[in-house]
K.L.:
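A single structure is presented below for examination.
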Amino acid sequence: VQLQASGGGLVQAGDSLRLSCAASGAAISRYALGWFRQAPGRERTFVASISRGGIYRDYADSVKGRFTTSRDNAENRVYLQMNSLKPEDTAVYYCAAKWEPRSNMVFRQGPSYDQWGQGTQVTVSS
């Protein structure tokens, strides 16, 4: 599966953005999906994960209550709704997919994921 993230941009603190990740080449219905981010000079970190069927979701503590991930398997897309953005949310955001045809698990570890999309830049000004 190939992934392409979009929807990033430059916003002010307190604003909202919705990132979208479009999948091609395979149906995402058999994949767990995740969002990660990498700020300048820092390692890539976990943001959110959603299980194959969308039943289970997991979030990093830093975004819990502000970010929501969802998926539309019919449209082969996954979304990250980001509200109440803060300057510390500034990063390149990546979507990722892990082949999980039988489980409804979510995954926090980057190496768990099989495929990664190109990132989209999110910049939050104060």
Side-chain angles (χ1 to χ4, degrees):
V1 63
Q2 292 79 48
L3 304 170
Q4 179 64 55
S6 61
L10 172 62
V11 297
Q12 293 187 332
D15 285 351
S16 298
L17 273 177
R18 188 174 83 151
L19 304 185
S20 176
C21 179
S24 61
I28 63 169
S29 58
R30 296 189 174 190
Y31 290 83
L33 299 167
W35 289 95
F36 292 76
R37 66 186 181 186
Q38 186 168 19
R42 297 194 172 187
E43 294 184 351
R44 186 171 57 193
T45 59
F46 168 76
V47 176
S49 178
I50 185 167
S51 62
R52 176 174 61 89
I55 297 174
Y56 300 106
R57 307 177 195 191
D58 187 25
Y59 298 95
D61 288 345
S62 59
V63 306
K64 200 171 293 184
R66 299 188 298 123
F67 290 12
T68 302
T69 188
S70 61
R71 62 192 294 159
D72 187 335
N73 286 347
E75 294 292 328
N76 239 25
R77 285 181 176 269
V78 61
Y79 302 98
L80 185 67
Q81 177 67 43
M82 306 185 295
N83 299 329
S84 302
L85 282 161
K86 305 175 181 180
E88 50 264 43
D89 294 319
T90 295
V92 177
Y93 283 71
Y94 299 88
C95 55
K98 175 176 171 44
W99 176 249
E100 279 292 315
R102 294 182 179 84
S103 82
N104 277 299
M105 295 178 65
V106 291
F107 301 88
R108 288 189 163 221
Q109 303 301 319
S112 297
Y113 290 85
D114 309 306
Q115 301 293 335
W116 293 81
Q118 292 183 332
T120 184
Q121 176 71 48
V122 172
T123 303
V124 184
S125 63
S126 58

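None of the values given here were measured: they were computed from a predicted structure.
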K.L.:
Between N76 (side chain) and A26 (backbone), is there a donor-acceptor pair under 3.5 Å?
P.N.:
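Side chain of N76 to backbone of A26: a pair is present.
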K.L.:
Which residues pass the side chain to side chain donor-acceptor pair (under 3.5 Å) test with S29, sequence neighbours left out?
P.N.:
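Per chain and number, S29 pairs via side chain to side chain donor-acceptor pair (under 3.5 Å) with no residue.
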K.L.:
Taking the side chain as every heavy atom from C-beta outward, state whether R44 and W116 have any atom pair closer than 4.5 Å.
P.N.:
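Yes, their side chains come closer than 4.5 Å.
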K.L.:
Test of understanding: clusters of I, L, V, M, F, W, Y form through side-chain heavy atoms closer than 4.5 Å, transitively. Do I55 and M105 belong to the same one?
P.N.:
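Not linked; separate clusters.
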K.L.:
If you look at every heavy atom in L3 and A97, which pair is closest and at what distance?
P.N.:
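Taking L3 first and A97 second, the nearest heavy atoms are CD1-N, 3.7 Å.
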K.L.:
Drop me the distance from R108's CZ to F36's CZ, to the nearest 0.5 angstrom.
P.N.:
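These two atoms lie 10.0 Å from each other.
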K.L.:
Please report the shortest heavy-atom distance between L19 and G8, naming the atom on each side.
P.N.:
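Minimum heavy-atom contact is CD2-N, 3.6 Å.
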K.L.:
If we only count heavy atoms from C-beta on, is the Q12 to L85 side-chain gap below 4.5 Å?
P.N.:
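Side-chain contact under 4.5 Å: no.
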K.L.:
Give the cluster check for V11 versus V63: same hydrophobic cluster or not, with ILVMFWY residues linked at side-chain heavy-atom distances below 4.5 Å.
P.N.:
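Linked, V11 and V63 end up in one cluster.
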K.L.:
Once side chain to side chain donor-acceptor pair (under 3.5 Å) is applied, do any residues pair with S103, and if so which ones, sequence neighbours excluded?
P.N.:
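For S103, the residues satisfying side chain to side chain donor-acceptor pair (under 3.5 Å) (neighbours in sequence not counted) are E100.
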K.L.:
Restricting to side chain to side chain donor-acceptor pair (under 3.5 Å), what partner residues turn up for Y113, sequence neighbours left out?
P.N.:
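In terms of side chain to side chain donor-acceptor pair (under 3.5 Å), with neighbours along the sequence ignored, Y113 is linked to S49.
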K.L.:
With no hydrogens and no angle check, is any side-chain donor or acceptor of R71 less than 3.5 Å from a backbone partner on S51?
P.N.:
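Pair found, side chain donor or acceptor close to backbone of S51.
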K.L.:
Among residues at least two apart in sequence or on other chains, which ones pass salt bridge (charged side-chain N to carboxylate O under 4.0 Å, His left out) with R37?
P.N.:
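Here the qualifying residues are D89.
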K.L.:
Identify the heavy atoms of S126 and A13 that sit nearest to each other, and give their distance.
P.N.:
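Closest pair (atom of S126, atom of A13, distance): CA-CB, 4.4 Å.
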K.L.:
Set out, in order, the CA-CA distance, both residues' side-chain angles and the distance that settles side-chain contact (heavy atoms from CB on, under 4.5 Å) for R30 and W99, then state yes or no.
P.N.:
CA-CA 6 Å; R30 296 189 174 190; W99 176 249; 3.6 Å; yes
K.L.:
Locate the shortest heavy-atom distance separating S16 from N83; write the atom from each residue and the value.
P.N.:
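Heavy atoms of S16 and N83 come nearest at OG-OD1, 2.9 Å.
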K.L.:
Are W35 and Y31 connected in a single hydrophobic cluster, I mean Ile/Leu/Val/Met/Phe/Trp/Tyr linked by side-chain heavy atoms less than 4.5 Å apart?
P.N.:
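Same cluster: Y31 reaches W35 through Ile, Leu, Val, Met, Phe, Trp or Tyr contacts under 4.5 Å.
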K.L.:
Side chains of V78 and T69: closer than 4.5 Å at any heavy-atom pair?
P.N.:
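Yes - at least one pair of side-chain heavy atoms lies under 4.5 Å apart.
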K.L.:
Using the side chain to side chain donor-acceptor pair (under 3.5 Å) definition, which of the options R77, Q4, E75 pairs with S20?
P.N.:
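So, applying the side chain to side chain donor-acceptor pair (under 3.5 Å) to S20 and each of R77, Q4, E75, only R77 qualifies.
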K.L.:
Quick check on the hydrophobic clustering: are V122 and L80 connected, directly or via other members, by side-chain heavy-atom contacts under 4.5 Å?
P.N.:
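As far as the 4.5 Å side-chain criterion goes, L80 and V122 are connected within one cluster.
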K.L.:
Give a yes or no on whether I28 and V47 share a hydrophobic cluster (residues Ile, Leu, Val, Met, Phe, Trp, Tyr; joining criterion: side-chain heavy atoms under 4.5 Å apart).
P.N.:
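Same cluster: I28 reaches V47 through Ile, Leu, Val, Met, Phe, Trp or Tyr contacts under 4.5 Å.
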K.L.:
Kindly write out the residues that satisfy side chain to side chain donor-acceptor pair (under 3.5 Å) with Q115, not counting sequence neighbours, or none if the list is empty.
P.N.:
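Partners of Q115 under the side chain to side chain donor-acceptor pair (under 3.5 Å) test: none.
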K.L.:
Looking only at heavy atoms, which two atoms of L17 and G9 are closest? And how far apart?
P.N.:
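That closest heavy-atom pairing would be CD1-N, 4.0 Å.
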K.L.:
Nearest 0.5 angstrom please: Q121 CD to L10 CG, how far?
P.N.:
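Rounded to the nearest 0.5 Å, the CD-CG separation comes out at 9.5 Å.
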K.L.:
Heavy atoms only: give me the nearest G53-N104 pair and the separation to one decimal.
P.N.:
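Shortest heavy-atom contact: N-OD1, 3.3 Å.
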K.L.:
Listing request: all ring-ring contact (aromatic ring centres under 6.0 Å, His included) pairs with a residue in residues 53-98, at least two apart in sequence or in separate chains.
P.N.:
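Passing the test, one end in residues 53-98: no pairs.
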K.L.:
Taking atom OG of S6 and atom CD of Q118, what is their separation to the nearest 0.5 Å?
P.N.:
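Interatomic distance, S6 OG to Q118 CD, rounded to 0.5 Å: 11.5 Å.
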